[in-house]
Amino acid sequence: MPHRRHLSVLLFALFVPSAAAVKLELPAFMKSVASFSGKVMPSGPVMDLWWNPLILLSGTRQPTVQDNANAYARWGDRRDSFTEVAIWRTTNGKAIVGVNAVKPPVDACGDYPCGPAVAFLGFDGQRYVEPPEDTVDVEGACTGTFQAPDGTDAPALTRAMQAGQNRLKSYAKFLRGAGPVGTMCIFPQHGTTVTVAVRNSDIAFAFKGRVLPLYYFKFDKVKGTFTPSVNP
């Protein structure tokens, strides 16, 4: 998937008061998304920030699940194609918004997304901003083929992926075939942990709906960071 372009400084106010920090609620984010509907977004910082999240949310209407109290929404069923939004809040009033779209992979795809994909936005208490750098690790884990770690991976990610390799061996009877499997992510409706799992299109029909976890990303609400983890 294409990586978004990072800007050294990007602050964009959108339907958020500028005078004081505001706790970001799910309805406010949904209102911001709806404000783009039917409009052509001009090139520049706004497009850089919102492009991927809006692409992943395109076509969504009334959520299947909308849990305002836990800042979570889902369109569709996890047995098939689905899209999720979750908001992670920090102790200093900031937040991270994630959009997770799980769709069947497309061969010879030339456009985004080409299968499961994740995108993030940051929120600084007043404005939507670029998300923390470590969200790129989550984005990468939620799409593509599950592979063994290599020498460039950080120690925590290496341990988590190695645990995933071991778990995958125990999932043989649940899979459609013996070849490589793809990954997808499950965002939390309760709690803050992201689950990296076997892609649902690689699960045998008799076991559709079963989530097969590989490893996790735990959220630190003080630091506002995601850390790979063997356990949830």
Side-chain donor/acceptor of Arg89 to backbone N/O of Ala95, under 3.5 Å: no
What one should report as the nearest heavy-atom pair of Ala119 and Tyr112 is CB-OH, 4.2 Å
Ala197 backbone acceptor or donor facing Thr195 side chain under 3.5 Å: no
Hey, what do you get for CG (Asn100) to CG (Leu57), rounding to the nearest 0.5 Å? 10.5 Å
Do Leu121 and Trp75 land in one hydrophobic cluster if side-chain heavy atoms of ILVMFWY residues count as linked below 4.5 Å? yes
Taking the side chain as every heavy atom from C-beta outward, state whether Asn68 and Pro27 have any atom pair closer than 4.5 Å. yes
Treating Arg74 as the side-chain partner and Gly76 as the backbone partner, does any N or O pair qualify as donor plus acceptor under 3.5 Å? yes
Is the backbone N or O of Pro131 less than 3.5 Å from a side-chain atom of Thr135, with the two atoms forming a donor-acceptor pair by type? no
Treat each ILVMFWY residue as a node, draw an edge where side-chain heavy atoms are under 4.5 Å apart, and state whether Tyr128 and Val85 are in one component. yes
Measuring from Leu168:CG to Leu175:CG, what's the distance to the nearest 0.5 Å? 6.0 Å
I'd like to check Phe82 versus Asn200 (side-chain heavy atoms, cut-off strictly below 4.5 Å). Are they in contact? yes
Do you know which two heavy atoms are closest between Met30 and Pro63, and how far apart they sit? CE-CG, 3.8 Å
Could you verify whether a donor N or O on one side chain and an acceptor N or O on the other, from Thr90 and Asn92, lie under 3.5 Å apart? yes
Tell me which one of Gln66, His190, Glu84 satisfies side-chain hydrogen bond (donor to acceptor under 3.5 Å, both in side chains) with Tyr72. Glu84
Testing the basics here: between Lys218 and Ser229, what is the closest heavy-atom pair and its distance to 0.1 Å? CD-OG, 3.4 Å
Val102 and Phe217: same hydrophobic cluster, using ILVMFWY side-chain contacts below 4.5 Å? no
Between CG on residue Leu54 and CG on residue Leu56, distance to nearest 0.5 Å: 9.0 Å
Test side-chain contact (heavy atoms from CB on, under 4.5 Å) applied to Ile87 and Phe123, step by step: CA-CA 10 Å; Ile87 298 175; Phe123 182 75; over 6 Å; no
So, do Phe36 and Trp50 have ring centers that fall under 6.0 Å from each other? yes
Assess whether atom NZ of Lys223 is packed by more than 12 heavy atoms of other residues, nucleotides or ligands within 6.0 Å. no
Same cluster or not: are Leu157 and Val198 linked, directly or through other Ile, Leu, Val, Met, Phe, Trp or Tyr residues, by side-chain heavy atoms under 4.5 angstrom apart? yes
Donor-acceptor contacts, no H, no angles, side chain residues 176-184, under 3.5 Å, sequence neighbours left out:
from: Arg176; atom 1: NH1; to: Ser201; atom 2: O; distance (Å): 2.9
from: Thr183; atom 1: OG1; to: Ala141; atom 2: O; distance (Å): 2.9
from: Thr183; atom 1: OG1; to: Thr143; atom 2: N; distance (Å): 3.3
from: Thr183; atom 1: OG1; to: Thr143; atom 2: O; distance (Å): 3.3

Roughly how far, to the nearest 0.5 Å, is CD of Gln165 from CD of Gln147? 9.0 Å
When rounded to the nearest 0.5 angstrom, what distance separates SG in Cys185 from CD in Glu139? 10.0 Å
At what distance, to the nearest 0.5 angstrom, does CD1 of Ile203 lie from NZ of Lys208? 6.5 Å
Please lay out, stage by stage, how Asn70 and Gln189 fare under the test side chain to side chain donor-acceptor pair (under 3.5 Å). CA-CA 6 Å; Asn70 289 298; Gln189 181 176 355; over 6 Å; no
Are Met47 and Val97 connected in the hydrophobic side-chain network, where two residues link if heavy atoms are under 4.5 Å apart? yes
Search all heavy atoms of Leu24 against all heavy atoms of Ala28 and return the closest pair with its distance. CD1-CB, 4.4 Å
What do the steps show when you test Asp150 against Asp153 for side-chain contact (heavy atoms from CB on, under 4.5 Å), and what is the final call? CA-CA 6 Å; Asp150 59 39; Asp153 293 316; 3.5 Å; yes
Which atom of Ser170 lies closest to which atom of Arg167, heavy atoms considered: OG-O, 2.6 Å
Begin with the C-alpha distance, continue with both residues' side-chain angles, and end with the deciding distance and a verdict on side-chain contact (heavy atoms from CB on, under 4.5 Å) for Phe219 and Ile96. CA-CA 10 Å; Phe219 182 68; Ile96 299 171; 3.9 Å; yes
Is any side-chain heavy atom of Cys114 less than 4.5 Å from a side-chain heavy atom of Lys103? no
I'd like to know if the side chain of Tyr216 reaches the main chain of Thr227, judged simply by a donor and an acceptor atom lying under 3.5 Å from each other, with no hydrogens or angles considered. no
Side-chain cluster (under 4.5 Å, hydrophobic types only) that Val230 belongs to, other residues: none
Considering only heavy atoms from C-beta outward, does the side chain of Arg199 approach that of Pro105 to under 4.5 Å? yes
Counting C-beta onward and ignoring hydrogens, is there a side-chain heavy-atom pair between Tyr171 and Phe207 closer than 4.5 Å? no
The test is side-chain contact (heavy atoms from CB on, under 4.5 Å); show your working for Phe226 and Val194 and say whether it passes. CA-CA 9 Å; Phe226 290 97; Val194 176; 4.1 Å; yes
Under 4.5 Å between any side-chain heavy atoms of Val22 and Gln126, yes or no? no
Please name all residues satisfying ring pair (Phe, Tyr, Trp, His ring centres under 6.0 Å) with Phe187, sequence neighbours left out, ordered by chain then number. Trp88
Using every non-hydrogen atom in the two residues, find where Val118 and Cys142 come nearest and quote the distance to one decimal. CG2-CB, 3.5 Å
